[in-house]
Amino acid sequence: MVYDLGSATTSGGVTVSDRIIIRNGIVVTMNDADDVHFGGTVVIDGDRIAHVGESDVPTDGAKVIDATDKIVMPGLVDFHYHTALGKGWSDQLPLWEYLQTCWYPMIRALDPESAYWAALASYSESIRCGVTAVNDMYRQLEALADAAEKIGIRAVLSNDVATDEHALDALADNEKAFREKNGAANGRVKVLIGIEWLPLASEQLLRDARALANDLGTGIHIHLNESLSEVEISKEMFGRRPTEVAYDCGILGPDCIAAHCVWLSDTEIALMRETHTHISHNPSSNAKLGNGVARLPEMLAAGLNVGLGHDAAECNNSRDMFEVMKFASLIHRAVRVDASLQQAPDVLRMATRNGARGLGIDAGELSPGKKADVIVVDTRSQMFTPLMPGSKDHVFSHLVFAANGSCVETVVIDGQVVYEDREFQTIDEDEVLAQANRAFRAVIERMEVPDLESVRRS
Ligand SMILES: [Zn+2]
């Protein structure tokens, strides 16, 4: 290991308890019936939820969290994610120019140590905002896995694989990361095969990616149909639209997460449906980069499993999934002139169980037997005021339309309390922020940036 963990390893240690009882809360289960228990209890045994209900239980020997005036709910799943180092840098540019002059040069200059601190800075902001699982496509996966293990988040990792001339990752890098880190941290770390996007791929690379994923028994994470320019490039390079190329090369399937899918044709939606491909909808990233508004109502009407992602702090610039949830409703209501679209419980389901399902994580709802990925949200603020006692609709509405990530008070992942009363139990947060700043400056110094005019496309 090349990075110095420093004092971040010894910040008071991890709160470990086999049995945790969260009592007297507003328990939003996100189960099939959308049950909400007022004055409810959640019991965690090891890494699993043992009991959910309105009855109290004996507390002998357990760690007890009092959730009076608090919401207890499944952790949010960020379904399309990149660890980020360069937030707020060159963010005036449209997607193609941004990628060529900022994102790719930056991740080419990334070393394991920079990746480690960037990941801790990224994951810590996500956990603060109630995220318990991320679907992170980036580079230096071994360092990311170490960061995930350290902080306690559930991380599904994949490389930025492209054809060799782009000097990003190769399938061999992804295979190596899989063999070294898949299943690490008590199974919290999983490794998928990642494909950057079609403009940096070939049909042979896509076919090889599917063959490797099948050999390893893992899935695929790909950017697909993000921008109109991508659609045009796909037609030029491959003679057909992005989803058609991905379909023909075997990329799509029930183990594939396709991110963005903004400009899907009816045919492409049908291909997603036929293959049971999961979609990550990233409305705020799409808006910031000027990429458009995805056809979410049509995707949902077709029965596709759609989760939500923030994408990357470089193109968002926040990792707050509460903000993403609000966008995921409002943007569609605005462009369709239809306030009936994307009601709060549906949006919350996308941000929890839909994402968990797509990643093959046995979580996303509070039900006995599920993985214990649980967050506690404080309602004692203006965000949740007024709050009608016993009103489930009011709770859902506030969570999606009124709240932001600062309402999150405690985060439990895999049965481990990683963040309690707004304090990290696993990292020295000040050191993480200082090291991330230092890593950013070091990477900026190493970056080789092409001239903007030379990469500008008409
Ligand atoms: Zn992305």
Side-chain angles (χ1 to χ4, degrees), residues 77-87 89-91 93-100 102-108 110 115 118-119 122-123 125-126 131 133-141 144 155-162 166 168-169 174 192-201 209 219-231 233-234 242-243 246 251 256-264 277-294 306-321 323-324 327-328 355 358-359:
V77 177
D78 198 329
F79 204 32
H80 178 60
Y81 193 101
H82 307 274
T83 280
L85 191 58
K87 179 169 73 177
W89 197 253
S90 299
D91 68 359
L93 297 174
L95 179 61
W96 180 266
E97 292 160 20
Y98 175 75
L99 290 173
Q100 300 296 330
C102 184
W103 174 259
Y104 295 144
M106 193 172 287
I107 63 175
R108 284 182 192 120
L110 194 75
S122 302
Y123 298 161
E125 181 176 355
S126 296
V131 170
V134 296
N135 185 26
D136 187 1
M137 179 194 287
Y138 205 54
R139 308 191 69 192
Q140 308 288 359
L141 298 203
L144 304 191
V156 179
L157 307 174
S158 53
N159 281 86
D160 264 308
V161 174
H166 298 292
L168 293 170
D169 290 326
N174 214 151
L192 307 181
I193 304 304
I195 295 291
E196 168 58 16
W197 69 333
L198 265 53
L200 271 54
I220 293 175
H221 183 192
I222 184 170
H223 292 111
L224 201 64
N225 207 328
E226 179 173 4
S227 64
L228 280 174
S229 63
E230 178 188 343
V231 175
I233 292 168
S234 176
T243 311
I251 288 289
C256 175
I257 300 120
H260 300 301
C261 303
V262 177
W263 294 99
L264 294 185
T277 302
H278 309 275
I279 310 288
S280 180
H281 177 45
N282 316 303
S284 38
S285 164
N286 298 152
K288 186 189 176 221
L289 291 169
N291 282 333
V293 179
V306 182
L308 297 180
H310 90 288
D311 195 0
E314 279 99 343
C315 47
N316 194 297
N317 293 358
S318 159
R319 299 180 181 87
D320 186 344
M321 285 290 288
E323 191 178 284
V324 174
F327 248 89
L359 294 174

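We count ligands from 1, going down the list as the structure has it; atoms in each ligand are counted the same way.
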Short N/O/S contact of H260 with the Zn ion (ligand 1) (below 2.8 Å): no

Residue C315, metal the Zn ion (ligand 1), N/O/S under 2.8 Å: no

Atom name of the N, O or S atom in D311 that lies nearest to the Zn ion (ligand 1): OD1

Side chains of N291 and N286, donor plus acceptor under 3.5 Å: no

Candidates H281, H310, H223 - the one meeting side-chain hydrogen bond (donor to acceptor under 3.5 Å, both in side chains) with H80: H223

Modelled atom types, side-chain donor and acceptor of Y138 and N159, under 3.5 Å: no

Pair E196-Y104, side-chain donor/acceptor within less than 3.5 Å: yes

For the Zn ion (ligand 1): the N/O/S atom of H82 at shortest distance: NE2

